[in-house]
Amino acid sequence: MNILETLEAKSKMLPEKYKNMSVQELEDMIRSIKEKMGKKLFIPGHHYQKDEVIQFADATGDSLKLAQLSAENREAEHIVFCGVHFMAETADILTTESQKVYLPDMRAGCSMADMADIYQTERAWEFLQVLFGDTILPLTYVNSTAAIKSFVGANSGATVTSSNAEKMVRWAFSKKERLLFLPDQHLGRNTAFNIGVNLDEMAVYNPIENILEFDGPLEKVKVILWKGHCSVHENFTVQNIAHVREAYPDMKIIVHPECSREVVALSDMAGSTNYIIEAIEASPAGSSWAVGTEMNLVNRLISQHPDKQIISLNPHMCPCLTMNRIDLQHLAWSLDSVVQGQETNLIKVDEETAFNAKLALNRMLEQS
Ligand code: 13P
Ligand code: SF4
């Protein structure tokens, strides 16, 4: 059995009932449950979710905003998280014991978060302590498991999102002389570069081979980047940029910092999901944009701004497949289960893990 088959065998799958309902029936069911439950129910939706789901979100946002909203919300007894697994875990950690968090489809993971597990992280830490001694502070992108957040919290580190990465990297350097950045090498590299760390001061830790990829004297290393990446954002290339520059010379290119250093360097602007949305919203009618981020969001921007020319930086881009697991049928199933008192696809981080993970998250929220 491969990982997906094992997960499918373990997690509950969508019952036939919801597969046989029409779009109208599903939407009516969701609307009536939302009405009946009022503020006892909260549906956060990440910007990468499909329109059919986002229309029912009580709040939309990037991963930072959704974490902040979860930390603030004390009214909702049930939080049905329309996003991916690590976001639902974060919401569970930041809410109270009595608040329940559900993920409508357990297969909504994140390929980047899967590129670092806790065993690899502990092994890496041991290895790096031998090389560098007690000079490293760990930072983890929120796109990581609760166990890794917990490890980072227990070692005086913090989480970051793409909205506050620069602030958090500066914060880390105020504490220690080096940092380990998990699990996205691109966000780590782009952020450190922006605050003045040279590329030849950054090493890459390869978790598969347990080696450090670096040419030069070790004392030069300031940033250790975990060798992980987003399988969506890695599909934007320098060739895409060259094509846009040639075909649309006046077009502005804006990308997410999960794109590679080369792509970010050749773009006009780079920033978090929220930054991209705000930049396009603030631009004058008639402006034109090539956007390097997830396709559900790009399509939404296209339909929300008919007065602007907006295209995907990569014309063959597809949505994030795991974000896309959440659909109308799974949302209806999840809400219906809540009404029936069933805890279908409940996300529960164990107390010990949650304690230290919350330290890491709170250090970030205090700085944001
Ligand atoms: P942000 O929401 O922080 O921009 O992150 C994008 C992302 O890839 C979420 O998985
Ligand atoms: Fe993970 Fe990339 Fe999808 Fe975000 S877009 S959830 S980082 S795979």
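Atoms within a ligand are numbered from 1 in the order they appear, just like the ligands themselves. The figures that follow rest on heavy atoms only: side chains count, while hydrogens, waters and symmetry mates do not.
- Residue T273 has at least one N or O atom closer than 3.5 Å to an N or O atom of ligand 1.
- Listed by number with element, the atoms of ligand 1 under 4.0 Å from a non-hydrogen atom of S63 are 1 (P), 2 (O), 3 (O), 5 (O).
- Of the N or O atoms in D62, none lie within a sub-3.5 Å distance of an N or O in ligand 1.
- No side-chain heavy atom of R325 sits under 4.5 Å from any side-chain heavy atom of H330.
- A cation-pi arrangement is present between R261 and F193, with the terminal nitrogen or guanidinium carbon under 6.0 Å from the aromatic centre and inside a 45° cone about the axis.
- Heavy-atom distances between H47 and ligand 1 stay at or above 4.0 Å for every pair.
- For E294, the heavy-atom gap to ligand 1 stays at 4.0 angstrom or more.
- The nearest protein atom to atom 2 (Fe) of ligand 2, hydrogens excluded, is given as C230 SG, 2.3 Å; this is a heavy-atom distance.
- Backbone or side-chain N, O or S atoms of C110 reach atom 1 (Fe) of ligand 2 at under 2.8 Å.
- Atom 8 (S) of ligand 2 has S111 OG, 3.5 Å as its closest protein atom, hydrogens excluded (heavy atom only).
- A heavy-atom separation below 4.0 Å is found between Y141 and ligand 1.
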Run E77 and K100 through salt bridge (Lys or Arg N to Asp or Glu O under 4.0 Å) and show every step you take. CA-CA 6 Å; E77 291 168 20; K100 303 246 185 293; over 6 Å; no
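- Residue H233 has no nitrogen or oxygen atom sitting less than 3.5 Å from a nitrogen or oxygen atom of ligand 1, judged on distance alone.
- Residue contacts with ligand 2, taken as heavy atom pairs separated by less than 4.0 Å, do not involve E294 at all.
- One hydrophobic cluster holds both F151 and F132 under the rule that ILVMFWY side chains link at heavy-atom gaps under 4.5 Å.
- A salt bridge links D268 with R245: the distance from a Lys NZ or Arg NE/NH1/NH2 to an Asp or Glu carboxylate oxygen falls below 4.0 Å.
- Side-chain contact, S162 with S272: no donor N or O sits under 3.5 Å from an acceptor N or O.
- Those atoms of ligand 1 with a heavy atom of E258 less than 4.0 angstrom away are 6 (C), 7 (C), 8 (O).
- At least one heavy atom of N143 sits closer than 4.0 Å to an atom of ligand 1.
- Ranking the protein heavy atoms by distance from atom 3 (Fe) of ligand 2 puts C320 SG, 2.4 Å first.
- Looking at ligand 1, you'll find an N or O of H256 within less than 3.5 Å of one of its N or O atoms.
- With salt bridges taken as basic N to acidic carboxylate O contacts below 4.0 Å, none links K222 and E177.
- By the 4.5 Å heavy-atom criterion applied to side chains, T95 and V101 are counted as neighbours.
- The protein atom (non-hydrogen) at minimum distance from atom 7 (S) of ligand 2 is N143 ND2, 3.2 Å.
- The shortest heavy-atom distance from M87 to ligand 1 is under 4.0 Å.
- Using a cutoff of 4.0 Å between basic side-chain nitrogens and carboxylate oxygens, D62 and K65 are not scored as salt-bridged.
- Two residues are said to be in side-chain contact when any heavy atoms from C-beta on lie closer than 4.5 Å; I347 and F81 fail this criterion.
- Where the criterion is an N or O separation shorter than 3.5 Å, residue side chain and backbone included, N274 fails it with respect to ligand 1.
- Scanning all protein heavy atoms for the shortest distance to atom 2 (O) of ligand 1 gives H46 NE2, 2.7 Å.
- Between K17 and D336, at least one side-chain N (NZ, or NE/NH1/NH2) sits under 4.0 Å from a carboxylate O, which counts as a salt bridge.
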Could you walk me through whether I241 and L313 pass side chain to side chain contact (heavy atoms under 4.5 Å, CB included), step by step? CA-CA 7 Å; I241 297 204; L313 176 57; 4.1 Å; yes
